[in-house]
**Q** 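Here it is, the structure, as structure tokens.
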Amino acid sequence: MAPGLLNTPAPALPGSELASLAAVTSNWDDSVQFYLNGTKVVIDSIDPEITLLEYLRGIGLTGTKLGCAEGGCGACTVVVSQYNPTTNKIYHASVNACLAPLVSVDGKHVITVEGIGDSTKPHPIQERIAKFHGSQCGFCTPGIVMSLYALVRNNPEPTAHDVEEAFDGNLCRCTGYRPILDAAQTFSVEAGCSEASKKQNSAPGGCCMQSTDGTLPAGCCKNKSASGLEDIPVKKFTPPGLIEYKPDTELIFPPALRKHKFKALAFGNKRKRWFRPVTLVQLLEIKHALPSAKVIGGSTETQIEIKFKAIQYTVSVYVGDIPDLRHFSFEDDHLHVGANITLTDLEGVLKQAIEKYGPSKSQPFNAMLKQLEYFAGRQIRNVGTPAGNLATASPISDLNPVFVATRSTLIAQSLEDGEMELPMSEFFKAYRTTALPANAVLKSIRVPIASEKGEFIRAYKQAKRKDDDIAIVNAALRISLSDDNVVESVNLVYGGMAPTTIEAKKAMSYLVGKTWGEKEVLEGTMNALEQDFNLRFGVPGGMAVYRKSLALGFFYRFWHETVGILTGDVEEELVHEITRNISSGERDQDSTLAYEQRVLGKGVPHVAAMKQVTGEAQYTDDMPRHTNELYGCLVLSTKAHAKILSVDSEPAFDIPGVRAWVDHRDLESPELNWWGAPMCDEVFFAVDEVHTHGQPIGMILADSQQQASLAARSVKVEYEELPAILTIEEAIERESFFEHYRYIKQGDPIEEAMKTADHVFTGVARMGGQEHFYLETNACLVVPKLEDGEIEVYSSTQNPTETQTYVAQVTGVPANRVVAKVKRLGGGFGGKETRSVQLAAICAIAAKKTKRAVRCMLNRDEDMMTSGQRHPFMARWKVGVNNGGKLVALDADVFCNAGWSQDLSGAVCDRSLSHIDNCYKIPSVDVRGRLCKTNTMSNTAFRGFGGPQGMFIAESYMEEISDKLGIPVHKLRELNMYKEGQTTHYNQELKDWHVPMILDSLKTEADFEKRRQDVDEFNKTHKWKKRGLSLIPTKFGISFTAIFLNQAGALVHIYHDGSILVAHGGTEMGQGLHTKMVMVAAEALGVPMDAVFISETSTNTVANTSATAASASSDLNGYAVYNACQQLNERLKPYREKLGDATMKDLAHAAYFDRVNLSANGFYKTPDIGYVWGPNIGQMYFYYTQGAALAEVEIDTLTGDWTCLRADIKMDIGRSINPAIDYGQIEGAFVQGQGLFTTEESLWMNNGQLATRGPGNYKIPGFRDIPQIFNVSMLKDVEWKNLQTIQRSKGVGEPPLFMGSSVFFAIRDALKAARADHGCTEVLNLISPATPERIRLSCADDIIKRSYVKPEEGEKGFFVSI
């Protein structure tokens, strides 16, 4: 995003108020001063509306990325160092630059990823993340680097736990997090010694002398006490070959800032003004002059309101630099804290309070600390404040219930009335409304200590994801008892159950005077809570049954813990919530030794890793601005289905800097507006009708992104709404389908086959879609040339050729005038295979119209609304099976939600049909696939491309058949497993079939049989925690199902100096394709890797490329590169014979002077394939990538919370070209698959608008969601007799993703045990994803039954799952 100045005539204040403020602030300074990477910066002319991120990127520091603009992904993380008035120490705060107003860094030192190192001299953090393979696409990497940098700057000797927690505000979509954590743990004091790393199963902090019980012997370097080394600093282990970390070599805190005196600031323009008081009196004077002024502490909510809700605050007052609001003191009967203390500082204060007051009296502080542990991410806690929580009055605030339950008191102050006390019990008046007077500010908070005896205070929270997530329901519960356990006072306070933080009044009234611990009192309170929270089915926020069950469950847990303490018999299993150990994992590093060559087969780092960790790697929106460049902002439909009555763009031109409006009328003919692959059935710009929420109607062009965004909101569109179809079920009911229809029939006619079966079972398998959530949203820069209609397109796309094709179409020139270029993508996963074309073509139309360069990078919400997702699927299946468990026949109707256009939905559905067998031989099969036409965004390719959906259907019917027959599901799988040489239902012979071998090996290595017994025993002895175990196999067909796409080209140049330039048709999106191609070329030409360079992917070097997709890019492009190198080798052969052991420079020099062509064009097409639908003949796939995963989970049946205790994965990926990259692909795909089947739930509003459009409410797995033990290995010591690929390697990008379903089916296994405890024998039909809500609702216990909410006639749920 490229920032610019914004000037507008709209006045920031009426004249009278402006005069009042002027009187207060007339002598205030108007320049912001700070240090940036060690250099002093003074800004006198400040755009008051830009954020720190926009400023940094605007001056060329593009290492800091825009990922979400809401502080939820961490891509924009920088470090802001400052003298902390709370602790009186220098603190290095990791901060979300996308939220930070520029005024907030005055008097501080801003450090970006560029400031700590570069690719020639990296910081040890940067080097280790690169060399530990912790950067794939690299877009998230600078933010991750800076989060770790902040940790080690503040604490040069962090513990392993400190390291693991350091990234709770960062997300990565590529790596699976394991290599990042491994790199980060080398900075912990528990990093261990070099000998420990050689021992099997050594955890972080291991020692070569450590015994099996974890004790450290006297001679151990880590056992300080036994060695007499208590006072000697720990010398952290530096891995061999890496730079040692020396804290004394870091950027110093600028000495001038130690003496910096904060001055009151006042600056802005006619549209917006900022004020930064530095004393409480100055703040009160502003609030007196202008009560409506917006007070901002961390800006963590305000910036989101500005960005996504278009709320304009004309006067903002930054209060983060007022020491009077950040103090604290420990009083005899309470803790007194400044209301604007940061949450990070509050954590430290609470820890001191716990130590000072002792365990009983400090219960309020323990409760607050517990809530802060999972309160947003560290970047938010570094700037967020209690005052912000209180003033915004969020009904799901984690802290507010604790303040109410502890009967805390707020101290407010105004200039007129002085100090005033506001009891927390009376503070929240209505939704987002408080008792704070408009002219007052929150000054401090008094939190009473608890009684030494008879008082209990606990806090609880449940969210979709453990770390960095907003609560679904939270609670703070307090009880005060007499000596004979009679309730004297009680506070049961909940968030997420009403429009405000609310007390359960009926339950509280009931409890007073009752004896705590009597069973009938528990039952009476539960009944009263039901009345307190009598939610209706369609309650705002949805999840009525789940939320009610959480309210009851939290109290149930509180009751049993406190009664247990009183009786001396605490039911630990019920009381304790799920927690995580420090995660660890192993890779089999010897898997490629048998076939390792000079270059190939070695685990070298990604060729761009060092550039990515230092912020030097350039992505589309990082490109420098062109002269007269315009910024585009899309105007999107706000309706799911409607006629367009009128579009008025004129109001947009009232915004200064707006240059043009572009829509369908700017195309030379209506036909040029149509696009889509393979069916040309959608339009770039809506014409008379919109078919989905988020469909482009037009684009505003302006001088800056801010101007374009503001103007786009000014465009007026009038609609006439039409009926909308959202779900698969609605489409089936209304027979809303696309024409595409495919089937596979094999074996006996299905009805006859079913008659031969002993049992015929039926069922429905249902799974939701998945947002790609690549960290770099769709971005494009189009540069028109001055002659011949030439045009350059820089796009974040997996498909340069299709981009070129459609840009040529809309601009009316031949394809040879259009060059589409891709340097790298910040993630793709299929989401940029076709949907990226839409933005590129629209920008090209705009560039042609204006004859100026046009840039656009979508906001996260825009990207999620427009770009499509993984297809939701539903299958109605019927399976015939014999008594012994042998499958006889499969009959299935498969439906996918295609959205409003076909895109690639046909091919996605086709692949699901070919994977509906997974690894099981079924003699008779009749499966059919239909595409549901709905009014959602057009769903598209996503890693796996229908394969995971088909295999999920397969494993769903296997699980349910297992339950119905009473056969252990792993036995059922083994019984029906394919054998070598058998054919699939689409008549393809299985060659090099290794799944049975993989399963046997994995069962042995992961101790499956013993762990199965252990899980069963655990479930017998535990009621409230249950464990599950699941072993899932996979076979994934490798090839494009569209035969013509299975081709690739390459161009290889050898220059005079012996350096080599390679171009090929694939794009680099983090999967390491360029790295592998460099390795292939280096091996083939006999040169070191650093002699080979790949600059970019471009349509003018390699033409007619296929999309980088289908896990086939290494196969296709690798052989094309190899083919070109072989041609060059043949030409160089005489010179090698003549010159002997000569360098490439000598060979190239000699060949050139003999006029030998040192450029070669390579080509490859996949042989043998050519399946024909209908007749069911021909080979569909070139080969299969195979694997299996064993996952073990633990669930909390009272809340639905869960954790993956361990995952073991083994994959057959042939002879790996680069095992480090392939391990990264396996781990990343597994975690992405785990997200698909657990945390990632897309929801729509009933009006058809997407509800989950950012990290705030769409939850991909985070660092603390991965398996606690995460082991990965590759199949080795086998022959691949029939594999004819480059190096005999196999595609690895997509196949491991389905392995994540092992977590889902392990959860299902745990739920079966929970349901059995409550006498529920009904077969569990668990819908994917298995969210905490679905887990809890499946437990079938009494609390869930009493929480049931019956919908009124015609009442709909608040959200729709499509």
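Note that these values count all heavy atoms, side chains included, but never hydrogens, waters or copies made by symmetry.
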**Q** Is the shortest distance from a Lys or Arg side-chain nitrogen in R817 or E790 to a carboxylate oxygen in the other one below 4.0 Å?
**A**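 Here R817 does not pair with E790 in a salt bridge, since their nearest N and O are not under 4.0 Å apart.
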**Q** Only one of R824, K832, K823, R860 passes salt bridge (charged side-chain N to carboxylate O under 4.0 Å, His left out) with E776; say which it is.
**A**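 Passing option: K832.
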**Q** Are the side chain of T777 and the backbone of L858 linked by a donor-acceptor contact shorter than 3.5 Å?
**A**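 Yes; judged by distance alone, with no hydrogens or angles, the pair exists.
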**Q** Is any side-chain heavy atom of T811 less than 4.5 Å from a side-chain heavy atom of I845?
**A**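 Result no, sub-4.5 Å side-chain heavy-atom pair not found.
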**Q** At what distance, to the nearest 0.5 angstrom, does CE of M857 lie from CG of N778?
**A**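 If we round to the nearest 0.5 Å, M857:CE and N778:CG are 9.0 Å apart.
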**Q** Ignoring hydrogens and angles, tell me if any N or O in the side chain of E1068 forms a donor-acceptor pair with the backbone of G1072 under 3.5 Å.
**A**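 Indeed, once roles are kept as given, a pair shorter than 3.5 Å links the two residues.
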**Q** Under a plain distance cut-off of 3.5 Å, with no hydrogens placed, do Q707 and S704 share a side-chain donor-acceptor pair?
**A**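 Side chains of S704 and Q707: pair found under 3.5 Å.
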**Q** So Q1047 and L1045, do their side chains get closer than 4.5 Å, heavy atoms only?
**A**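 Sidechains of Q1047 and L1045: no contact.
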**Q** Looking at residues at least two apart in the chain, or sitting in another chain, which of them share a side-chain contact (heavy atoms from CB on, under 4.5 Å) with F1093?
**A**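 So F1093 forms a side-chain contact (heavy atoms from CB on, under 4.5 Å) with L1061, S1095.
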**Q** Look at E1294 together with R911 and state whether they make a salt bridge at an N to O cut-off of under 4.0 Å.
**A**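 Result for this pair is no, no salt bridge flagged.
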**Q** If only side-chain N and O atoms count, and only distance matters, is there a donor-acceptor pair under 3.5 Å linking S135 with Q612?
**A**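 Looking only at side-chain atoms, S135 and Q612 do form a donor-acceptor pair, the distance falling under 3.5 Å.
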**Q** Do P696 and V635 touch side chain to side chain, with heavy atoms closer than 4.5 Å?
**A**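 Answer no - side chains too far apart.
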**Q** If we count only N and O atoms by modelled type, under 3.5 Å, do the side chains of T934 and N897 hold a donor and an acceptor together?
**A**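 Yes - a donor-acceptor pair under 3.5 Å links their side chains.
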**Q** Looking only at side chains, do T801 and T1105 share a donor and an acceptor under 3.5 Å apart?
**A**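 Checked: T801/T1105 side chains pair up, N/O donor to acceptor below 3.5 Å.
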**Q** Is a side-chain N or O of D681 found less than 3.5 angstrom from the main chain of Q902, in a donor-acceptor match?
**A**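 It does hold such a pair.
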**Q** Is C137 close to M1069 at the side-chain level, that is, under 4.5 Å between some pair of heavy atoms?
**A**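 A side-chain contact is absent here, since even the closest heavy-atom pair is not under 4.5 Å.
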**Q** Do the charged groups of K643 and D688 touch, with an N to O distance under 4.0 Å?
**A**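 No salt bridge links K643 with D688.
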**Q** List for me each residue that meets side-chain hydrogen bond (donor to acceptor under 3.5 Å, both in side chains) alongside W661, sequence neighbours excluded, and say none if there are none.
**A**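 So W661 forms a side-chain hydrogen bond (donor to acceptor under 3.5 Å, both in side chains) with D663.
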**Q** Report the residues that fulfil ring-ring contact (aromatic ring centres under 6.0 Å, His included) with F773, sequence neighbours left out, ordered by chain and then residue number.
**A**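 ring-ring contact (aromatic ring centres under 6.0 Å, His included) list for F773, sorted by chain: empty.
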**Q** Distance from E650 atom CD to D654 atom CG, nearest 0.5 Å?
**A**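 Here the rounded value is 8.0 Å.
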**Q** Mind checking the NZ-CG spacing from K851 to L786? Nearest 0.5 Å is all I need.
**A**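 Reported value, rounded in 0.5 Å steps: 10.5 Å.
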**Q** Between S836 (side chain only) and T797 (backbone N and O only), is there a donor and an acceptor less than 3.5 Å apart?
**A**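 Here the side-chain-to-backbone pair does not exist.
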**Q** Please enumerate all residues that pass side-chain contact (heavy atoms from CB on, under 4.5 Å) together with H641, with sequence neighbours excluded.
**A**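 Once residues adjacent in sequence are excluded, the partners of H641 under the side-chain contact (heavy atoms from CB on, under 4.5 Å) criterion are E689, H691, L722, A724, N935.
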**Q** If only atom types and distance count, is the side chain of N799 paired as donor or acceptor with the main-chain N or O of E802 below 3.5 Å?
**A**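 At least one qualifying donor-acceptor pair exists.
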**Q** More than 12 foreign heavy atoms under 6.0 Å from CG of N1104: is that the case here?
**A**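 No - once you tally the heavy atoms of other residues, nucleotides and ligands closer than 6.0 Å, there are 12 at most.
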**Q** Less than 4.0 Å between a side-chain N and a carboxylate O, is that true for D666 and K848?
**A**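 Judged by the 4.0 Å cut-off on N to carboxylate O distance, K848 and D666 do not form a salt bridge.
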**Q** OG/S905 to CG/L931 distance, rounded to the nearest 0.5 angstrom?
**A**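 The distance works out to 5.5 Å.
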**Q** Specify whether H1064 and H1074 have parallel, tilted or perpendicular ring planes, treating 30° as the upper limit for parallel and 60° as the lower limit for perpendicular.
**A**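 The rings of H1064 and H1074 stand perpendicular, inter-plane angle above 60°.
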**Q** Got more than 12 heavy atoms from elsewhere within 6.0 Å of CZ, F684?
**A**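 Above 12, so yes.
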**Q** Can you sort out the partners of H871 under ring-ring contact (aromatic ring centres under 6.0 Å, His included), two or more places apart, ordered by chain and number?
**A**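 Not a single residue meets the ring-ring contact (aromatic ring centres under 6.0 Å, His included) criterion with H871.
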**Q** Taking the ring centre of each residue, are H772 and Y774 less than 6.0 Å apart?
**A**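 Yes, ring centres under 6.0 Å apart.
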**Q** Say you draw a straight line from CG of N939 to CG of L904; how long is it, rounded to the nearest 0.5 Å?
**A**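 With rounding to 0.5 Å, CG (N939) is 11.0 Å from CG (L904).
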**Q** Return yes if a side-chain donor-acceptor contact under 3.5 Å exists between H606 and Q1071, otherwise no.
**A**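 No.
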**Q** Side chains of S637 and Q695 only: does a donor on one sit below 3.5 Å from an acceptor on the other?
**A**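 Short answer, no.
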**Q** Looking only at side chains, do T936 and T692 share a donor and an acceptor under 3.5 Å apart?
**A**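 Short answer, no.
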**Q** Can you tell me how far apart CG (L1116) and OG1 (T1166) are? Round to the nearest 0.5 Å.
**A**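 One gets 4.5 Å once the value is rounded to the nearest 0.5 Å.
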**Q** Check whether the side chains of Y794 and E792 place a donor and an acceptor atom closer than 3.5 Å, and report yes or no.
**A**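 Yes, E792 and Y794 have a side-chain donor paired with an acceptor closer than 3.5 Å.
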**Q** Can you confirm whether the side chains of S1242 and E771 place a donor and an acceptor under 3.5 Å from each other?
**A**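 No donor-acceptor contact under 3.5 Å links the two side chains.
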**Q** Taking the basic N atoms (NZ, or NE/NH1/NH2) and the acidic carboxylate oxygens, is any pair closer than 4.0 Å for D863 and R1253?
**A**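 R1253 and D863: not salt-bridged.
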**Q** Restricting to ring-ring contact (aromatic ring centres under 6.0 Å, His included), what partner residues turn up for Y1119, sequence neighbours left out?
**A**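 By the ring-ring contact (aromatic ring centres under 6.0 Å, His included) rule, Y1119 matches Y1164.
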**Q** Could you verify whether a donor N or O on one side chain and an acceptor N or O on the other, from Q770 and Q1232, lie under 3.5 Å apart?
**A**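 The criterion, which ignores hydrogens and geometry beyond distance, is not satisfied for Q1232 and Q770.
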**Q** Between S709 and Q705, do the side chains contain a donor N or O and an acceptor N or O under 3.5 Å apart?
**A**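 Yes, a side-chain donor-acceptor pair sits under 3.5 Å.
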**Q** Is any side-chain heavy atom of T1097 closer than 4.5 Å to a side-chain heavy atom of V1102?
**A**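 With C-beta onward as the side chain, the pair stays apart.
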**Q** Between the side chain of R835 and the main-chain N/O of T940, is any donor-acceptor distance below 3.5 Å?
**A**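 Such a contact is absent between R835 side chain and T940 backbone.
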**Q** Could you tell me whether the side chains of S938 and D903 share a donor-acceptor contact shorter than 3.5 Å?
**A**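 No.
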**Q** Under 6.0 Å from the NZ atom of K933, do we count more than 12 heavy atoms belonging to anything else shown?
**A**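 No, NZ of K933 has 12 or fewer neighbouring heavy atoms, counting only those of other groups under 6.0 Å.
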**Q** When you compare the side chain of Q618 with that of P624, does any pair of heavy atoms fall below 4.5 Å?
**A**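 Side-chain contact under 4.5 Å: yes.
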**Q** Going by heavy atoms in the side chains, are L1250 and M864 under 4.5 Å from each other?
**A**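 L1250 vs M864: side chains touch.
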**Q** If we ignore hydrogens and angles and just use 3.5 Å, is the side chain of N1046 paired with the main-chain N or O of I1043 as donor and acceptor?
**A**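 Flag set: sc N1046 to bb I1043 pair under 3.5 Å.
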**Q** State, yes or no, whether a side-chain contact exists between V807 and V782 at a heavy-atom distance under 4.5 Å.
**A**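 Side-chain contact under 4.5 Å: no.
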**Q** Take atom CE of M623 as the centre, draw a 6.0 Å sphere, and report whether it contains more than 12 heavy atoms from other residues, nucleotides or ligands.
**A**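 Yes - once you tally the heavy atoms of other residues, nucleotides and ligands closer than 6.0 Å, there are more than 12.
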